[in-house]
Every structure is written in structure tokens, then in C-alpha cells.
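Only one structure is covered here, and it is reproduced in the block below.
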Number of protein chains: 2
Amino acid sequence: MSASTKLSNAVKALCFLASVHPEPKTSTEISGFIGVNASKTRKILSMLVKNNIVESTYGPAGGFVIKKKPDEIHLQEIYCAIEDRKAFHMDVTKNRGEQSNYLNIFFIDLFAEIQIEIEDKMRQISIQSILNKINS
Amino acid sequence: MSASTKLSNAVKALCFLASVHPEPKTSTEISGFIGVNASKTRKILSMLVKNNIVESTYGPAGGFVIKKKPDEIHLQEIYCAIEDRKAFHMDVTKNRGEQSNYLNIFFIDLFAEIQIEIEDKMRQISIQSILNKINS
DNA sequence: ATTATTTGTTACACTTACCGTAACAAATAA
DNA sequence: TTATTTGTTACGGTAAGTGTAACAAATAAT
């Protein structure tokens with residue numbers, strides 16, 4: 001799954017969990033909402049659990065509950081939780097034996113700048129702000 | 001080749017051609033500089049030719065010559081020439097049968113905004129400015 | 001304790017995309 | 001006519017992504 005797809009799926013799950021809080025929802029229920037299968041949904045949510053954004057309980061009547069307040073969860077935080085590598089990864093240095101390495105450095109710097117801008121933008125968007133936008 | 005790799009390779013080729021202007025360089029020579037094989041180099045350059053950024057001549061003593069002035073070539077223009085789809089593509093709507101399509105719209109809008117920011121940034125960078133930065 | 005249920009993780013087949021390279025027609029200068 | 005170069009297509013090999021299944025670990029209910 002691409003980073004952006006993973007991010008949008010995580011946000012969908014969180015919006016869903018926020019709307020039913022504090023009722024626990026199983027991966028099967030959530031997967032029906034966001035449109036990916038339960039196994040992959042668990043994979044995404046398990047990462048949100050590790051980052052204390054969601055709580056999970058095993059066994060019957062178990063499932064996932066959103067842990068933080070919707071206005072305290074930002075996209076950048078979600079993206080960091082689900083993605084180890086850069087979200088919108090940009091490759092430069094794949095070429096071998098080239099004579100233009102100084103240009104690689106230029107692009108690495110440029111793409112890093114873009115990356116920072118994207119993260120700044122994501123930091124400004126909370127789950128609550130998304131819910132507000134949807135309900136307006 | 002990823003969009004960002006293609007872009008950086010195109011820029012490398014243009015920097016090389018700018019530095020030897022008006023001498024024509026073959027795809028073999030350029031490929032040695034940017035570090036990809038001649039066939040792929042021709043593929044990239046042929047798109048720059050179609051967009052009037054580079055001129056090509058067939059036959060012996062032929063090759064590629066940069067056509068526009070380095071300070072009149074911007075990254076955004078190059079990226080448009082070599083890439084049909086969005087450069088830093090972000091996927092949202094791959095899921096089937098979901099109940100959260102209104103959230104897809106949110107992400108499409110968000111990613112479009114990011115895309116515009118990236119393009120604005122690229123519009124501010126010319127081949128000449130890259131050459132200046134490298135030579136300083 | 002036993003059972004049923006749910007999470008968390010691994011595995012796997014299938015498909016898709018990517019990469020490097022080769023090959024060849026079209027064009028053109030010598 | 002020949003040699004050279006571009007522009008384009010094709011192809012095998014490799015890597016990545018997708019969807020699904022399977023199962024151990026955990027836990028509530030009985």
C-alpha cells in the first residue's frame with residue numbers, strides 16, 4: 001500500500017472510531033467502513049495502537065477504541081505512526097557510476113525541503129478539523 | 001523510473017548540455033554523465049525535444065543541443081515535459097465498495113493542494129540557478 | 001478450565017510495476 | 001551508399017504491491 005493510501009485509510013478508520021466513541025469496533029467492522037479487508041485494517045490499526053492513538057482489547061466484545069481527542073490528533077502524527085520511510089518518497093541516488101553526484105545532493109536537499117513543507121501542512125490538519133469539514 | 005528520478009536525470013542532462021553549449025552531445029555521451037544507459041537517456045531527451053527545450057539532430061555529428069536559455073528553463077516545465085501523470089502521485093480512491101467516499105474527496109483536495117505547492121516550488125528553480133549553486 | 005472471539009503477525013500466491021538492455025526503423029551527414 | 005544517431009518498441013528479470021489466508025497470543029464469557 002502506498003504511503004498516501006495508508007494515510008487516508010488510517011484517517012478513515014480514525015474518523016469512524018471518533019464517530020462511535022467510546023464503543024469498540026472490530027477490525028471487521030472498520031474494514032467494512034474504509035473498504036479494505038480486515039487483515040490489512042488490523043495491520044494499520046496496530047501501528048496506531050503502538051503510537052497511543054488507538055486502544056485495542058482482545059477477545060469477545062473487544063476491538064479498537066480511539067484514545068486521543070480528535071482535535072489532538074494531527075495528520076503528521078498519523079503518518080509518522082504508520083510509515084517508517086518518508087511519506088512521499090522521492091528517489092535520487094539510484095544511478096551507479098555517475099559523474100554528477102553534486103547534482104544528487106542538490107535534489108536530496110530540494111526533496112527534503114518539499115518533505116518538510118508537506119509535513120508542515122499535515123501538522124495543521126486534525127481529525128476534528130476533518131470531521132468539521134465533512135459535517136458542514 | 002519514478003517521476004522524481006526522471007526529473008533529476010533530465011536536470012542532470014540539461015546541466016550537462018548547458019555546460020557544453022552549443023556543442024551537440026550524443027545520448028551515449030550524456031548517458032555517461034548522468035549514469036543511465038543510452039536508451040533510457042534518449043527516452044528522456046526525446047520528451048524534452050517535443051517540448052522545445054532541447055534540439056536533436058540525426059546522423060553523424062548529430063546529437064542533442066540545449067535550445068532554451070538556462071535561466072528560462074524551470075523545473076516545473078521540465079517535469080511537465082517528462083511526466084504525464086502527477087509527479088509525486090498520491091493515491092486515494094483505490095478501495096472498492098467503501099462507505100467513506102466523502103473522505104476520499106477530502107484527500108483528493110488535500111493532495112491537490114500539496115501538488116500545487118510542489119509545482120510552485122519547482123517553478124522558482126531554473127537550470128541557471130542550479131548551475132550557479134553548483135559553481136559557488 | 002474451556003470455549004469463542006479478537007488482535008497482531010507472518011506467509012504466500014498473484015499481479016503489477018520497474019529496470020536494464022537489446023533491437024530496429026527512421027533520419028541524415030559524409 | 002554507408003555510417004551514425006535519434007526515437008520507439010519489446011522483452012526478460014527483478015522488485016514491489018495487493019489481497020487473502022492462516023495461526024499464535026490474548027482475553028472475555030460461560
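Since this is a predicted model, take the numbers as computed values, not measurements. Every chain is numbered from 1 and lettered A, B, ... according to where its sequence line falls, protein lines coming before strand lines.
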**Q.** Short side-chain N/O contact from A/S27 to OP1 or OP2 of C/dT7, under 4.0 Å
**A.** yes
Q. Does a donor on one side chain sit under 3.5 Å from an acceptor on the other, for B/K68 and B/N52?
A. no
Q) Should B/N37 be listed as having a side-chain N or O under 4.0 Å from OP1 or OP2 of C/dT21? A) yes
Q: Using whole Å, report how far CZ of B/R42 lies from P of D/dT5.
A: 10 Å
**Q.** G-U wobble or Watson-Crick pairing nucleotide for C/dC12 (cut-off 3.5 Å, both distances)
**A.** D/dG19
Q. To the nearest 0.5 Å, what is the distance between CE (B/M47) and CD1 (B/I53)?
A. 10.5 Å
Q. Can a donor-acceptor pair under 3.5 Å be found between the side-chain atoms of B/T57 and the base atoms of C/dA27?
A. no
Q.
Please report the distance, rounded to the nearest Å, between CD1 in A/I44 and P in C/dG8.
A. 13 Å
Q) Which part of the nucleic acid does A/S56 contact within heavy-atom distance under 4.0 Å: base, sugar-phosphate only, or nothing? A) sugar-phosphate
Q. What integer distance in Å separates B/K43:NZ from D/dT9:C1'?
A. 9 Å
Q. Between the side chains of B/K40 and B/N9, is a donor N or O closer than 3.5 angstrom to an acceptor N or O?
A. no
**Q.** Whole angstrom value for the distance that separates C1' of D/dA26 from CD of A/E55
**A.** 15 Å
Q: Nearest whole angstrom, please: distance from the C1' of D/dT5 to the CG of B/L45.
A: 13 Å
Q) The side chain of B/F64 lies closest to which of these nucleotides: D/dT6, C/dA29, C/dT5? A) D/dT6
(Q) I'd like to know if the side chain of B/Q124 pairs up with that of B/D120 as donor and acceptor (distance under 3.5 Å, no hydrogens or angles considered). (A) no
Q: Give the rounded distance in Å between these two atoms: OH of B/Y58 and P of D/dT5.
A: 14 Å
Q. In the strands shown, is C/dC18 matched to any nucleotide by a Watson-Crick or G-U wobble pair with both distances under 3.5 Å, and which?
A. D/dG13
**Q.** Salt bridge present between B/E23 and B/K25 (N-O < 4.0 angstrom)
**A.** yes
Q. So what does A/T28 hit on the nucleic acid, given a heavy-atom distance under 4.0 Å: a base, only sugar-phosphate, or nothing?
A. nothing
**Q.** Whole-Å gap separating P (C/dT21) and NZ (B/K40)
**A.** 9 Å
Q. Does A/S39 make a side-chain N or O approach to OP1 or OP2 of D/dT20 shorter than 4.0 Å?
A. no
Q | d(NZ, B/K25; P, D/dT4) in whole Å | A | 17 Å
Q) According to the Watson-Crick and G-U wobble definitions, with both distances under 3.5 Å, which nucleotide is paired to C/dA26? A) D/dT5
(Q) For a quick test of reading the model: is some side-chain N or O of A/K50 closer than 4.0 Å to OP1 or OP2 of C/dT9? (A) yes
